[in-house]
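Structure, as structure tokens:
Just so we're clear, the structure is a prediction, and the values are computed from it rather than from any experiment.
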Amino acid sequence: MAAHLFAAKDHAAVYQKYRFPPPENLQGVILSYLEKKKVTSFHLAVDVGCGTGQSSHLLAKRFEKVVGTDVSEAQIEEAKRAAHPPNVSYLVCPAEELPFEDRSVDLLTAFTAAHWFDIPRFMKEVDRLLKPSGCVALSTNTLDMRLHYKGCSEKLTEIFREVKGQLFPYSNEKIKFVTDDYKAIFDSLPFQDKERITEILDKLPMSVADLMGYIQSFSQYQTFLKAQPDAAKSLIQNTEQRILETMGVSSRETKLELCTRHVCVLGYK
Ligand SMILES: C[S@@+](CC[C@H](N)C(=O)[O-])C[C@H]1O[C@@H](n2cnc3c(N)ncnc32)[C@H](O)[C@@H]1O
């Protein structure tokens, strides 16, 4: 299991601080799907691999009860510590053994998490837990990311691409699910009624400091940090310096835009 990648307390803290919630366009895709399928029961949503809970909060607006689950105690501790809506609770448990009754869940989600699971065992749980007419939404952000700032977007994107290239050797083999745009995950979903959307685009304004924090939240960066702490810290320092120089600014609070592409696999039982 690759879950140990998110087990460290300091990684969970970086995660809570720098990860952003699923983008509005992705939320829109999921809500439109529920509408299209004429879902009328909004009792229980389960957000599997919820990390520090940013994704679970969003479901709380629509569902009476939301349970965020994660195999990492450190992530769930951070999730519980952070402010969260009163109808959201958290549980430590693996995605492959979810402690809910058969046919009890209206919506099951996993945001940037399903590729870490044991897919055949997780899919059995999805089938077991969903009510008839229940839905599942499994999404991830892809490796396609661009940076935008005034006239230097190409140069900034190239710097970011180089950083991702340096971190790529520290990727877990599960990255293959992301690089194939969740096609294998889509194929494994045991429902006839399903679809895969691969062009969900998002633009996120963030400061250079936040961008550096976001890079440090990558599991590849955490693996690199463990293997070569000095080299990992220098990568962040050098990248920040290169980005500031390219932008022609000195403050790490200067805002730029991170453009991302997300994919989502949707299914209806
Ligand atoms: C990239 S994070 C995503 C967190 C959150 N959904 C978000 O969008 O910010 C992936 C999460 O999946 C969890 N995870 C990995 N393998 C798991 C498993 N087998 N069962 C449950 N959670 C798992 C990790 O602990 C981690 O918190």
Side-chain angles (χ1 to χ4, degrees), residues 6 10-31 50-61 75 78-79 81-85 111-113 139-168 170 178 197-222 224-225 231-264:
F6 297 89
D10 38 1
H11 188 191
V14 169
Y15 216 91
Q16 167 58 25
K17 188 158 176 210
Y18 293 112
R19 279 288 169 138
F20 33 83
E24 288 203 357
N25 289 348
L26 172 59
Q27 298 173 44
V29 163
I30 297 172
L31 290 179
C50 68
T52 53
Q54 286 92 328
S55 47
S56 318
H57 297 189
L58 302 167
L59 301 168
K61 290 181 212 151
Q75 295 276 349
E78 284 290 337
R81 223 190 325 264
H84 56 270
F111 295 93
T112 320
S139 69
T140 188
N141 52 331
T142 66
L143 303 186
D144 294 346
M145 292 183 210
R146 299 186 56 77
L147 292 175
H148 276 267
Y149 183 77
K150 296 187 177 166
C152 57
S153 301
E154 287 308 317
K155 276 192 189 151
L156 291 174
T157 299
E158 187 48 40
I159 295 172
F160 198 46
R161 201 170 289 139
E162 280 174 34
V163 172
K164 284 189 295 165
Q166 277 179 265
L167 294 179
F168 198 77
Y170 298 92
V178 177
I197 300 174
T198 58
E199 291 294 327
I200 306 166
L201 305 177
D202 184 49
K203 266 189 200 167
L204 198 73
M206 59 170 67
S207 65
V208 175
D210 286 343
L211 178 67
M212 294 304 125
Y214 177 57
I215 295 173
Q216 290 171 78
S217 78
F218 295 174
S219 59
Q220 295 103 313
Y221 180 79
Q222 293 294 321
F224 182 34
L225 183 66
K233 285 173 199 155
S234 311
L235 175 68
I236 294 297
Q237 279 163 5
N238 293 341
T239 304
E240 178 172 322
Q241 203 174 333
R242 287 177 72 195
I243 286 184
L244 290 173
E245 275 169 16
T246 306
M247 291 166 73
V249 299
S250 56
S251 166
R252 58 198 306 269
E253 295 312 318
T254 312
K255 296 256 189 230
L256 40 60
E257 254 179 359
L258 175 68
C259 302
T260 51
R261 180 175 70 83
H262 303 251
V263 301
C264 189

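By the 4.0 Å N-to-carboxylate-O rule, Glu245 lies too far from Arg242 to be salt-bridged with it. Using a cutoff of 4.0 Å between basic side-chain nitrogens and carboxylate oxygens, Arg161 and Glu158 are scored as salt-bridged.
Although no hydrogens or angles enter the test, the distance criterion places no donor-acceptor pair under 3.5 Å between the side chain of Gln222 and the main chain of Ser217. With Thr140 contributing its side chain and Thr142 its backbone, the two residues share no donor-acceptor pair below 3.5 Å. In this structure, Asn25 contributes its side chain and Leu201 its backbone to a donor-acceptor pair below 3.5 Å. Here the side chain of His148 pairs no donor or acceptor atom with the backbone of Arg146 at under 3.5 angstrom. A donor-acceptor pair under 3.5 Å links the side-chain atoms of Lys164 to the main chain of Leu143, judged by distance alone. Looking only at distances, no side-chain donor or acceptor of Thr52 sits under 3.5 Å from a matching main-chain atom of Gln75. Between the Arg261 side chain and the Thr198 main chain, a donor and an acceptor come within less than 3.5 Å of each other.
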Requested in this report: For the pair Leu147 and Cys259, evaluate side-chain contact (heavy atoms from CB on, under 4.5 Å) and give the outcome as yes or no after the intermediate values.
Outcome: CA-CA 6 Å; Leu147 292 175; Cys259 302; over 6 Å; no
Report task. Go through Thr254 and Tyr149 one step at a time and tell me if the side-chain contact (heavy atoms from CB on, under 4.5 Å) criterion holds. Result -> CA-CA 10 Å; Thr254 312; Tyr149 183 77; 3.9 Å; yes
Requested in this report: Show the numbers, then the answer: is there a side-chain contact (heavy atoms from CB on, under 4.5 Å) between Leu225 and Tyr170?
Outcome: CA-CA 10 Å; Leu225 183 66; Tyr170 298 92; over 6 Å; no
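The line from NE2 of His84 to OG of Ser56 is 9.5 Å long, rounded to the nearest 0.5 Å. Annotation: the span from Leu167 atom CG to Glu162 atom CD amounts to 12.0 Å, rounded to 0.5 Å. In this structure, CD on Glu257 lies 11.5 Å from CG on Leu156, to the nearest 0.5 angstrom. Glu24 CD to Leu58 CG: the interatomic distance, rounded to the nearest 0.5 Å, is 9.0 Å. A distance of 9.0 Å separates CG of Leu256 from OG of Ser153, quoted to the nearest 0.5 Å. Remark: Leu211 CG to Lys255 NZ distance equals 11.5 Å, nearest 0.5 Å.
Checking His262 against Thr260 by side-chain atom types alone, a donor-acceptor pair falls below 3.5 Å.
The closest side-chain heavy-atom distance from Ile197 to Val263 is not below 4.5 Å. You'll find the side chain of Phe160 stays beyond 4.5 Å of the side chain of Ile243, heavy atoms only. Using a 4.5 Å cut-off on side-chain heavy atoms (C-beta onward), Cys264 and Ile30 make contact.
Here the shortest heavy-atom pairing between Val178 and Asn141 reads CG1-O, 3.8 Å. The nearest pair of heavy atoms linking Ile236 to Gln216 is CD1-CG, 3.7 Å. Considering every non-hydrogen atom in both Tyr221 and Ala232, the closest pair reads OH-O, 3.1 Å. Of all heavy-atom pairs between Ala79 and Gly53, the closest is CB-N, 4.1 Å. Here the shortest heavy-atom pairing between Glu240 and Val208 reads CG-CG1, 4.1 Å. When every heavy atom of Thr239 is checked against every heavy atom of Leu235, the shortest pair comes out as OG1-O, 2.5 Å.
Residues in residues 201-210 take part in these side chain to side chain donor-acceptor pair (under 3.5 Å) pairs, two or more places apart or across chains: Ser207-Asp210.
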